[in-house]
Amino acid sequence: MKALASDIDGTLIFNQQIKKQDKEAIEKYQKEHLFGVCSGRPRCALFDLEKLKLDFYILSSGAEILDKDLNIIQDFPMKKEIVQQIFNEYHQHAQIILQTGNADVFYTTLKEDYNPKLKVISSFKEVEHEIIYGISLVFKDDKITKKACLEINQKYQEVEGFQNRNSVDIVRKGCSKGTGIKIIKDHYRLEKIAGIGDSYNDLPMLKVVDTAFTFKTSPQEIKKQVHYCVNDIAEAIALLEVEK
């Protein structure tokens with residue numbers, strides 16, 4: 001059996017919608033293989049994926065890995081004291097998203113968001129009762145984000161930050177979309193697993209999959225790391241079918 005793992009935002013979902021041709025191609029692919037997501041999103045942020053029946057979920061940049069029924073295959077919670085330190089250091093300089101195991105609440109300091117489960121917080125004490133898988137910092141532009149990502153990786157030895165355009169997704173050291181891919185491949189005893197993503201935080205996934213895809217519009221750094229540049233997921237699936 002084979003599988004395809006896809007990033008969500010900007011790869012599978014555009015303006016809260018899945019392209020018709022992608023949905024049809026995915027459903028056809030799933031008749032013989034597995035299709036799942038590999039994302040920086042937390043468990044509570046899956047509301048716009050309801051039109052697809054996914055076979056697995058790699059969430060919070062590899063910190064929470066779930067099967068098709070949302071049961072935990074493997075997870076890697078963060079130490080709360082580390083999350084609190086990062087929250088306190090950056091909450092005046094960035095918008096913050098806290099990624100927890102709670103499927104019903106989306107915790108953030110963002111004042112506006114399209115997630116219907118949104119809960120705006122101003123203090124870490126409001127989430128200290130939750131299992132925390134990740135913390136994301138959203139900045140004004142790519143340059144500030146890159147600098148913050150370097151600072152975090154240098155200062156905090158127990159975590160790892162991944163830049164995603166204008167945000168930094170921070171998880172426990174050793175976690176990444178790449179480690180999530182390896183766990184899924186072992187768990188389902190897959191012959192091969194392919195991956196598709198469009199941003200910097202997808203690099204750990206794209207470097208470990210057997211066949212890597214990105215879009216023709218992706219940053220050059222991403223395009224250098226893949227086997228194929230495509231227009232959409234449907235085209236990637238068509239190429240995978242040719243590989244057979």
Side-chain angles (χ1 to χ4, degrees), residues 1-12 26 29-30 32-43 54-68 72-78 99 133-134 136 149-150 152-153 158-165 167-216 218-230 232-233 235-244:
M1 185 178 290
K2 300 179 182 180
L4 172 60
S6 174
D7 174 48
I8 298 177
D9 296 293
T11 303
L12 176 61
I26 289 165
Y29 182 80
Q30 285 179 294
E32 295 184 34
H33 308 295
L34 303 181
F35 180 86
V37 290
C38 186
S39 174
R41 285 196 194 187
R43 185 171 182 171
L54 299 175
D55 298 302
F56 60 85
Y57 301 79
I58 300 169
L59 303 175
S60 297
S61 300
E64 189 177 20
I65 300 150
L66 311 174
D67 66 15
K68 65 179 182 179
I72 293 174
I73 295 174
Q74 202 163 343
D75 66 340
F76 306 92
M78 295 181 73
Q99 308 202 9
Y133 290 112
S136 296
C149 189
L150 290 171
I152 288 161
N153 286 327
E158 296 182 19
V159 305
E160 195 157 0
F162 300 95
Q163 183 181 356
N164 181 16
R165 303 290 173 99
S167 67
V168 181
D169 297 328
I170 306 161
V171 291
R172 200 168 94 182
K173 188 78 171 181
C175 288
S176 73
K177 290 187 176 185
T179 58
I181 289 290
K182 291 177 181 178
I183 290 168
I184 286 294
K185 190 173 184 179
D186 290 343
H187 181 79
Y188 290 105
R189 299 179 182 179
L190 298 170
E191 177 189 349
K192 289 184 177 181
I193 185 166
I196 183 167
D198 70 304
S199 191
Y200 303 107
N201 71 334
D202 294 314
L203 286 173
M205 169 181 67
L206 298 174
K207 289 177 180 179
V208 303
V209 293
D210 297 290
T211 307
F213 298 93
T214 194
F215 295 139
K216 294 175 182 178
S218 297
Q220 193 63 31
E221 184 180 348
I222 313 300
K223 291 195 278 190
K224 288 179 180 178
Q225 299 295 330
V226 303
H227 299 96
Y228 301 104
C229 293
V230 295
D232 51 33
I233 290 175
E235 185 179 346
I237 289 174
L239 287 169
L240 289 174
E241 293 299 313
V242 171
E243 279 191 350
K244 292 197 298 186

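Note: Leu203 CG to Lys224 NZ = 11.5 Å, rounded to the nearest 0.5 Å. In this structure, CZ in Arg41 is found 4.0 Å from CG in Asp9, a value given to the nearest 0.5 Å. Atom CG of residue Leu66 and atom CD1 of residue Ile73 lie 7.0 Å apart, to the nearest 0.5 angstrom. A distance of 10.0 Å separates CD1 of Ile184 from CD of Gln74, quoted to the nearest 0.5 Å. Here the OH-CD1 distance, from Tyr133 to Ile65, works out to 10.0 Å after rounding to the nearest 0.5 Å. Taking CG from Leu54 and CD1 from Ile26, the interatomic distance works out to 8.0 Å, rounded to the nearest 0.5 Å.
Checking side-chain atoms of Asp186 against main-chain N and O of Ile183 turns up no donor-acceptor pair under 3.5 Å. For the pair Ser176 (side chain) and Thr179 (backbone), a donor-acceptor distance under 3.5 Å is present. Judged by distance alone, with hydrogens and angles left aside, the side-chain atoms of Arg172 form a donor-acceptor pair with the main-chain N or O of Pro77 at under 3.5 Å. Not one N or O on the side chain of Ser6 forms a donor-acceptor pair closer than 3.5 Å with the backbone of Val37.
Under the 4.5 Å side-chain criterion, counting only non-hydrogen atoms from C-beta, Val171 is in contact with Phe162. Lys182 places a side-chain heavy atom less than 4.5 Å from the side chain of Val208. Two residues are said to be in side-chain contact when any heavy atoms from C-beta on lie closer than 4.5 Å; Ile58 and Ile181 meet this criterion. A heavy-atom distance below 4.5 Å is found between the side chains of Ile170 and Ile152. Taking the side chain as every heavy atom from C-beta outward, Glu241 and Tyr29 approach each other to under 4.5 Å. Here the side chains of Phe215 and Thr11 are in contact, with some heavy-atom distance below 4.5 Å. Residues Arg189 and Met1 form no side-chain contact, since every pair of their non-hydrogen atoms from C-beta on lies 4.5 Å or further apart. Ile196 is not listed as a side-chain neighbour of Asp7, based on a closest heavy-atom distance of 4.5 Å or more.
Between Gly62 and Cys175 the shortest heavy-atom distance is O-SG, 4.2 Å. Arg43 and Leu59 make their closest contact through CA-CD1, 3.7 Å (heavy atoms, listed as atom of the first residue, atom of the second, distance). The minimum heavy-atom distance linking Gly195 with Leu206 is given by the pair O-CD2, 3.8 Å. When all heavy atoms of Gly161 and Val168 are compared, the pair lying nearest together is CA-CG1, 4.0 Å. In terms of heavy-atom proximity, Tyr188 sits nearest to Asp55 at OH-O, 3.4 Å.
Side chains of Asp198 and Ser218: no donor on one and acceptor on the other come within 3.5 Å. Using modelled atom types and a 3.5 Å distance limit, the side chains of Gln99 and Ser136 yield a donor-acceptor pair.
A parallel orientation is assigned to the rings of Phe213 and Tyr228, their planes being inclined by less than 30° (bins at 30° and 60°).
Shown here is Lys68, whose NZ atom has no more than 12 heavy atoms of other residues, nucleotides or ligands within 6.0 Å.
Every residue two or more places apart in sequence or in another chain that forms a side-chain contact (heavy atoms from CB on, under 4.5 Å) with Glu191 is listed here: Lys2. Not counting sequence neighbours, the partners of Glu158 by the salt bridge (Lys or Arg N to Asp or Glu O under 4.0 Å) test are Lys79. Remark: Asp210 engages Lys185, Lys192, Ile193 in a side-chain contact (heavy atoms from CB on, under 4.5 Å) (not counting sequence neighbours).
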Checklist entry - side-chain contact (heavy atoms from CB on, under 4.5 Å) between Lys177 and Asn201: does it pass, once the steps are laid out? => result CA-CA 8 Å; Lys177 290 187 176 185; Asn201 71 334; 3.6 Å; yes

Item to check | Worked verdict on Leu34 versus Leu190 for side-chain contact (heavy atoms from CB on, under 4.5 Å) | outcome: CA-CA 9 Å; Leu34 303 181; Leu190 298 170; 4.0 Å; yes

